Amino acid sequence: MKRKEMVLGLTALALAGSLVGCKGEMALAVSDSSESVATEEVMELEILQEQGPDHNNYIKSGEINDFVKEAILEDLKIDLTLTGVPEYAQQINIRLSSGDLPDVFKVPNRNVIPEYIKNDFLLDLTPYLEEMEGLDLSLGKINDGIYVIPQAGTGANVRGMYIRKDWLDNLGLKEPQTHDELMAVAKAFTFHDPDQNGEDDTYGITAWGIGDYTNYLGASYAWTGGDGIYIEDGAISSTIYKEQASEAIEMCKSFVDAGVVDPEMIANTKQTLSDKMQQGKVGILLGNWENAWRRESTDISKAVNPDSQWIMLNALETPYGCYTQTLPYPSGGSYGISADLADEPEKVKRIIELFRYVAEGKGNNMVCYGEEGIDFTVEDGKITMSDDEERLKASGFTWVYQFAGRNEGEYLKTKFSYIEEELEFAFAQPMLYNYSNIIVPPAELNIADMTTYMKEEITKFIYGSRPISEYADFVATLEDTYGYKEWLEQAEIQLKNMGILK
Amino acid sequence: MIQKIRMVCSGISFTFRLLFILLIISITFVIAFQLVTYQKLRTGEIRDSYTKLQEDMILVQEYIDRYAGNIKSLLYSVGSMEYLFSMEPKVSGRILGQIEDYNGSLVKALYIINDRGDILTGDQYLLEIAGDSPLTKIMKEQEFVPDVFQCIEPYDSVISNRTVAVIWPMEGNRMVAAELDLSMVENGISRILGRPYMAYAVLSKENQTVFFQRQSSLLTESKGRYPVDIDKEDLAAVTELDLAASGGRLPDDIRYKITDTSNYFSWNVHIVFDRELLVHRVGEIFISSYMNTWIFLALLLIGLLVSVYCYTKPIRLLEKHMRTVREEDDLVEIPVYRKDEIGRLCSSYNNLICNMKTMVVDLRESEQNKKEYELKMLRSQIGPHFLYNTLSCISSLARQKRVDEVRESIGRLTRLLAFSFDKQGECVTVKQELQGIDNYIYIQKMRYGEVFSVEYQVEEKCLNARVLKLLLQPLVENCIFHGLLPADAGRRMKIKIKIRMSQGCLKIWIMDNGVGIEKERYESILNGTAYKKINDRFSNVGLSNVHQRLKLHFGDDYGVRIASKPGMGTIMCLTMPFQMVQQE
């Protein structure tokens, strides 16, 4: 009888399992991985940063698990909560001023660092130099202390001038090498129906706003429209004081005057820019590579026109140098550690350990390329990405963990190996570093107002609403009203401190 | 074919067949159950999603209304800043710029018409560059009813891109307007509707596209056109379904949309919904429960194995018991623990075994009886010849009036017959047997005269040995009739009987110096095959009988052996186990 009962029991169990299973509610109890580690060892940590574009959607939908979080928990015993908030600059200020300091937070921009230091939000990491060995801290040194851990610089140039090769071919034109040739091509693209659809629906040049327009068009003049600070011949130089500034503005203006520039250029958003490129409404892009080369984008443009092909142009020839662009000095953002942790050196050390973990080796590969063996494989040190595009899309969230930055060149070549040649071409282009982005402005200067003023006036010059003859007045206002000179002096000091300027 | 299947099936074990049938039934049950569940899940999911869709639509309308409310509040607060309308345009512009920055999630640009009639905005320089926009034209040219908010159809602005503007004409000539940040509205709506099986399209009152979900398989986009627009015909083609009226009824088309315009801007909010994509999702959920199904099937298989094993165990035990029954001694009954069919089957089997046992005993008894009967018959075969011959002889003596001899003869015959018919048992002592022989010899001598002599050579210890009754008499008879009487009358005929124990056996030799017998003949006599061929006056049944009796009683190792040489004589040797008669 006992045996019979056992049999009945088994059958009942099996049936019960099926019934529950059929309802789709039998979530097999997967124990939270955080419980598998001895709790006393696990350190809870919150990192606050800006919200990426729905990076957690795949995780939220359960399509993929957050394997980076799990690996960090397993390898470092850190239970990491990564909070991404929209409108970050405002949100972080609200949290900081309410005294609710997250353990680690991204500094919205370098301009705020002096204020954060003054308000005692940031922990001086100088005592942890030893632990931070291996991290590039050159951009972290501010006011004789190390208040932020900078993300490693990108250092790879993939921005510049892109042109529709098939349009050139359609019109029998060659790749332009000078600004005059560029003008001729832009005119042809605007007025000579380069896509041969019989409609006057194309423009020569577009860019994502006036900044990109002047940056890439003016690069060959070693000039950018805005706040460019360069090191030339061992000395600091400024775009504003360049002799050729007026000439460069004239050049930029000439394209606008010729009517070959996308009239919405100033207002372009990322979406409108990619729409215009993908739908074949513009032939020259001054900007980033993604709309030109990234498969997601080229797939759409090829659906509109199968011949569509974007190539990068060599730097145009001018007497002032020969740059495809002026590239912001390679730096990502930077992360600060809450000053509240001053009494918890062990915790700080483990946070630094986390930064080192994602900065190199296995951890860096994971945050850059995904899960080893699934998203990528390593053979003889060479990383090969998987072919499973759906999976790669799902595992793409890992970039939010790139606290310590990445080697942009390697990253792009690995992740987008299908455009390796194009990337090599772009990397080889000459470029001029613009250091303005790493200068921490003195508290008495309002840099935001200064750059807004620069942008507005340069735009006016280019669009002809202010005569270029007033350029000197513009410079004078910059100096007198906005303290441009003081800012340059500060830049020189800081660049020297950082060891960039000898 | 069916016959063939039956043949194959008949060879498969009962347990396996039971298991197979149960498994088939269970799997069919599981599959049927899963299919029903899937169907229910599917129907339920579609209905739920309709309900959810309606709720989502309400949320979207509320979101748009809240957004519009915020815009109005913002316009009110801008309008309430008196100084904006009276101060230096540059400064006003700068302030507007700052307000725009602070309200970046609401508006892209703010515009005012100040007391001087200038149109001012945060990015004044862009206005200067671009000249009039549709908004500024309307602001300048259109007549407005004061204090009534106006919403302008979507247009492309040099500052705000594709946008919609809201104008608040104030008392006097003052006016405040805002270009909306449609991407923020869209973000909010996509957060509510961000599910893979649906897409949204928001059109203005005059059917201009405000925004729509890009790169969705549910909506067709214009190709090679900028701005990228939704294909209105495609959108119109999508079934319009009044969900409230349908009462959750499942329509047949694949795509449906629900439309609502009950928002502040009177925007047509369309939510397009793909039943197949949704059902596909149900399928995915369902497939995710496959693991459970496999676990269930594994458990089911184990359960079935165990239950079939347990349930068929008595049958297998029965079969095993039955298989071991090869001889009548292996008839063992099965213990019966149950009262069900199996128990009754076991009982029946046990009854059968019981009957068989009785039958075996009966059979054995009858076999034994048969044997004894046969022995008795064999033994009784001696009588008629002997009696016939002896009585003939006595009759002859009587005719010759040899009274003493007749008396002696009858006395001898009487003792011989008494010995022979004695019911005490089958066995006698050697001594008794020899006395019997002596009587017999006397009778034969009486008949044939002193033509032969008999010599006994018996070991003393053998006298009390056990011997089958009337064993030697037929052989001595054979010696006389077949060996001695046919021989030459001139020879002195002799019979020698020698009895001794050898190697645990009692051996009796009966020798004569008569005519002897050919080997083939005595072999056939011993085998009994010569029985019918011989047509002598004295049948050979005697010798054969002795041989058969010895074999029947003691087994094949015992019996009679004969050695003979024609003209020289015959030796017959009887071998049997040496057994002493128990003295009572």
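Worth saying up front: this structure is predicted, and the values here are computed from it rather than measured. A, B, ... follow the sequence lines: proteins, then strands. Residue 1 opens every chain.
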| Taking it one step at a time, do Glu296(A) and Gln215(B) satisfy side chain to side chain contact (heavy atoms under 4.5 Å, CB included)? | CA-CA 11 Å; Glu296(A) 291 90 321; Gln215(B) 286 163 26; over 6 Å; no
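- Counting non-hydrogen atoms of other residues, nucleotides and ligands closer than 6.0 Å to NZ of Lys393(A) gives a total of 12 or fewer.
- The nearest pair of heavy atoms linking Val158(B) to Ala267(A) is O-CB, 2.6 Å.
- For the atom pair CG of Asn161(B) and CD of Gln271(A), the computed distance is 10.0 Å after rounding to the nearest 0.5 Å.
- Looking at Ser26(B), there are no atoms closer than 4.5 Å to chain A (heavy atoms on both sides), in backbone or side chain.
- For a residue to count as touching a neighbouring chain, one of its non-hydrogen atoms must lie under 4.5 Å from one of that chain's; by this rule Asp156(B) touches chain A with the side chain only.
- Under 4.0 Å is where a charged nitrogen must lie from a carboxylate oxygen, and between Glu264(A) and Arg162(B) no such pair does.
- Considering only heavy atoms from C-beta on, Ile300(A) stays 4.5 Å or farther from Lys223(B) through its side chain.
- Of the two parts of Lys276(A), the backbone and the side chain both hold a non-hydrogen atom closer than 4.5 Å to a non-hydrogen atom of chain B.
- In this structure, chain A has no heavy atom under 4.5 Å from any part of Leu297(B).
- In this model, no donor atom of one side chain and acceptor atom of the other lie less than 3.5 Å apart for Gln278(A) and Tyr226(B).
- Closest non-hydrogen pair, Gln90(A) versus Tyr102(B), comes out as NE2-O, 4.5 Å.
- Contact annotation for Ser157(B): only backbone heavy atoms (N, CA, C, O) come within less than 4.5 Å of a heavy atom of chain A.
- Heavy-atom distances place no part of Glu457(A) under 4.5 Å from chain B, backbone and side chain included.
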| side chain to side chain contact (heavy atoms under 4.5 Å, CB included) between Arg466(A) and Tyr125(B): does it pass, once the steps are laid out? | CA-CA 10 Å; Arg466(A) 185 174 182 184; Tyr125(B) 73 107; over 6 Å; no
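- The main-chain N or O of Ile129(B) is never found under 3.5 Å from a side-chain atom of Lys460(A) such that the two would form a donor-acceptor pair.
- Taking 4.5 Å as the limit, some side-chain heavy atom of Gln279(A) sits within range of a side-chain heavy atom of Val228(B).
- Most heavy-atom pairs under 4.5 Å with chain A, from the set Glu128(B), Arg94(B), Arg214(B): that is Arg214(B).
- Of the listed residues (Asn305(A), Ile266(A), Asn197(A)), the one with the most heavy-atom contacts under 4.5 Å to chain B is Ile266(A).
- When heavy atoms are compared at a cutoff of 4.5 Å, Lys40(B) does not approach chain A at all.
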